[in-house]
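Encoded as structure tokens, the structure appears first; notes follow it.
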Amino acid sequence: MGNSALKAHLETAQKTGVFQLTGKGLTEFPEDLQKLTSNLRTIDLSNNKIELLPPLIGKFSFLKSLVLNNNKLTALPEDLCKLKKLETLHLNGNHLRQLPAAFGQLSALKTLSLSGNQLRTVPTQLCGLRHLDVVDLSKNQIQNVPDTVGELQAIELNLNQNQISQISVQISHCPRLKVLRLEENCLELGMLPQSILSDSQISLLAVEGNLFEIKKLRELEGYDKYMERFTATKKKFA
């Protein structure tokens, strides 16, 4: 991609606050973007070959949305955690194994997508995020859901297509969790905490494609309570 093309993109971004450059084979984050640290609200560099984010990412103090789907990121810099206005972060289809230690400082974050990475556990850093609505951790290598999950503030948690065989009973204590997706994992029926049904806020539980028949779920204690929440929610959105 020539300099003149990049220059044109930069000029547009300066006016609109949006820098979008997808599918151009970029191997690194465009350094020239640092001229726009106070302009940009949205950066979308999806479908490139970017292997790492430079520390300068932390200087985009007005950034609300960062989209880096389908790149080659193996780690994220701690500087990313300085983005106090960031609301949307999409990192699907990378090679991430973990999140930076300070990730919980992204205090405005509402939507986080990490589908198709190499995470082995639900990152504990997510529990400090008070405005988190949707977390997508599908298609990773997560094997168990730890006790810390009880502090997660998300409304929707997507754990489809992992290798989960154990879930902490604490998940039923999530204060705002309404939608829990656990399709295509390795759960035995006995490993699904019954309190999810009898004693949680969850009104949509998706568990198809595990090691039990769905009709067996209906025999569990608390299933009727779950169905009450499910039906009430359905009516609300009808």
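Note that the structure is a prediction, hence the values are computed from the model and not measured.
Using a 4.5 Å heavy-atom cutoff, the side chains of Val134 and Ile155 are not in contact. Using a 4.5 Å heavy-atom cutoff, the side chains of Leu53 and Asp79 are not in contact. Counting only heavy atoms from C-beta outward, the side chains of Glu51 and Glu28 never approach each other to under 4.5 Å. Side-chain atoms of Thr121 and Pro146, non-hydrogen and from C-beta on, do get closer than 4.5 Å to each other. Leu182 is listed as a side-chain neighbour of Leu192, based on a closest heavy-atom distance under 4.5 Å.
The distance from atom NE2 of His173 to atom CD1 of Ile196, rounded to the nearest 0.5 Å, is 10.5 Å. With rounding to the nearest 0.5 angstrom, the CD1 atom of Ile57 is 11.0 Å from the NZ atom of Lys59. Taken from OG in Ser61 to NZ in Lys85, the straight-line distance is 7.5 Å, to the nearest 0.5 Å. The distance from atom CD of Gln153 to atom CG of Leu132, rounded to the nearest 0.5 Å, is 8.5 Å. Here the CD atom belonging to Glu188 is positioned 8.5 Å from the OG atom belonging to Ser165, to the nearest 0.5 angstrom. With rounding to the nearest 0.5 Å, the separation of CD1 in Ile202 from SG in Cys174 is 7.0 Å.
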(Q) Run the side chain to side chain contact (heavy atoms under 4.5 Å, CB included) test on Leu21 and Leu6 for me, step by step, so that the C-alpha distance in whole Å, both residues' side-chain angles and the decisive distance to 0.1 Å come before the verdict. (A) CA-CA 9 Å; Leu21 201 55; Leu6 182 59; 4.1 Å; yes

Q: Check the pair Leu106, Leu112 against side chain to side chain contact (heavy atoms under 4.5 Å, CB included), reporting the backbone distance first and the verdict last.
A: CA-CA 11 Å; Leu106 291 171; Leu112 174 64; over 6 Å; no

Q: Start with the C-alpha gap between Val145 and Leu157, add the side-chain angles, then the distance that decides, and say whether side chain to side chain contact (heavy atoms under 4.5 Å, CB included) holds.
A: CA-CA 11 Å; Val145 180; Leu157 176 59; 5.6 Å; no

**Q.** Derivation of the side chain to side chain contact (heavy atoms under 4.5 Å, CB included) call for Arg120 and Gln143
**A.** CA-CA 6 Å; Arg120 290 179 178 272; Gln143 293 175 5; 4.3 Å; yes

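Under a 3.5 Å cut-off, the side chain of Asn144 and the backbone N or O of Ile167 do not form any donor-acceptor pair. For the pair Arg229 (side chain) and Leu197 (backbone), a donor-acceptor distance under 3.5 Å is present. Glu78 contributes a side-chain N or O that, together with a main-chain N or O of Ala101, makes up a donor-acceptor pair within less than 3.5 Å. At least one donor-acceptor pair closer than 3.5 Å links the side chain of Asn210 to the backbone N or O of Asn185. Within the 3.5 Å criterion, the main-chain N or O of Asn160 finds a donor-acceptor partner in the side chain of Asn158. Between the Arg41 side chain and the Asn39 main chain, a donor and an acceptor come within less than 3.5 Å of each other. Formation of a donor-acceptor pair under 3.5 Å by the Asn48 side chain with backbone atoms of Lys24 is found in this model. The backbone N or O of Leu91 sits less than 3.5 Å from a side-chain atom of Asn117, completing a donor-acceptor pair. Listed for the Asn162 side chain is a donor-acceptor partner under 3.5 Å among the backbone atoms of Ile142. With Gln34 contributing its side chain and Leu56 its backbone, the two residues share no donor-acceptor pair below 3.5 Å.
The two residues Leu129 and Phe103 come nearest to each other via the heavy atoms CD2-O, 4.0 Å. Here the closest heavy-atom approach between residue Pro100 and residue Pro77 is recorded as CG-O, 3.8 Å. Smallest separation of non-hydrogen atoms from Phe19 and Leu10: CE1-CD2, 4.0 Å. The shortest heavy-atom contact between Lys84 and Ala108 is O-CB, 3.3 Å. Taking every heavy atom of both residues into account, Gly116 and Asn140 meet most closely at N-ND2, 4.0 Å. Pairing each heavy atom of Ser168 with each of Pro193, the nearest pair is O-CG, 4.0 Å.
For the 3.5 Å distance criterion, the side chains of Ser138 and Ser115 qualify, holding a donor opposite an acceptor. There is a side-chain donor-acceptor pair under 3.5 Å between Asn47 and Asn70.
Tracing side-chain contacts under 4.5 Å through hydrophobic residues (I, L, V, M, F, W, Y), one reaches Leu36 starting from Phe29; they form part of the same cluster. If you chain together hydrophobic residues whose side chains sit under 4.5 Å apart, Val179 and Val149 fall into the same group. Leu40 is connected to Leu26 through a chain of hydrophobic side-chain contacts under 4.5 Å among Ile, Leu, Val, Met, Phe, Trp and Tyr, so both are in one cluster. Leu52 and Leu96 fall into different hydrophobic clusters, where Ile, Leu, Val, Met, Phe, Trp and Tyr are joined by side-chain heavy atoms under 4.5 Å apart, directly or via other members. One hydrophobic cluster, built from ILVMFWY side chains closer than 4.5 Å, holds both Leu205 and Phe230.
Crowding of Lys225 atom NZ: a count of heavy atoms from other residues, nucleotides or ligands under 6.0 Å not exceeding 12. In the displayed structure, Gln125 atom CD is contacted under 6.0 Å by more than 12 heavy atoms of other residues, nucleotides or ligands.
Listed by first then second residue, pairs satisfying salt bridge (charged side-chain N to carboxylate O under 4.0 Å, His left out) with a partner in residues 167-176 read Asp133-Arg176, not counting sequence neighbours. Here ring-ring contact (aromatic ring centres under 6.0 Å, His included) pairs that include residues 180-223, with residues two or more places apart or in two chains, are Tyr223-Tyr226.
Checking each of Lys178, Arg181, Lys110 against Glu156 for a salt bridge (Lys or Arg N to Asp or Glu O under 4.0 Å) leaves exactly one that passes, namely Arg181. Partner of Asn69 under the side chain to side chain contact (heavy atoms under 4.5 Å, CB included) criterion, out of Leu45, Asn94, Asn92: Asn92 alone.
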Which side-chain N or O atoms in residues 215-222 pair as donor and acceptor under 3.5 Å with protein atoms at least two apart or in another chain?
{"residue": "Lys215", "atom": "NZ", "partner": "Glu213", "partner atom": "OE1", "Å": "3.3"}

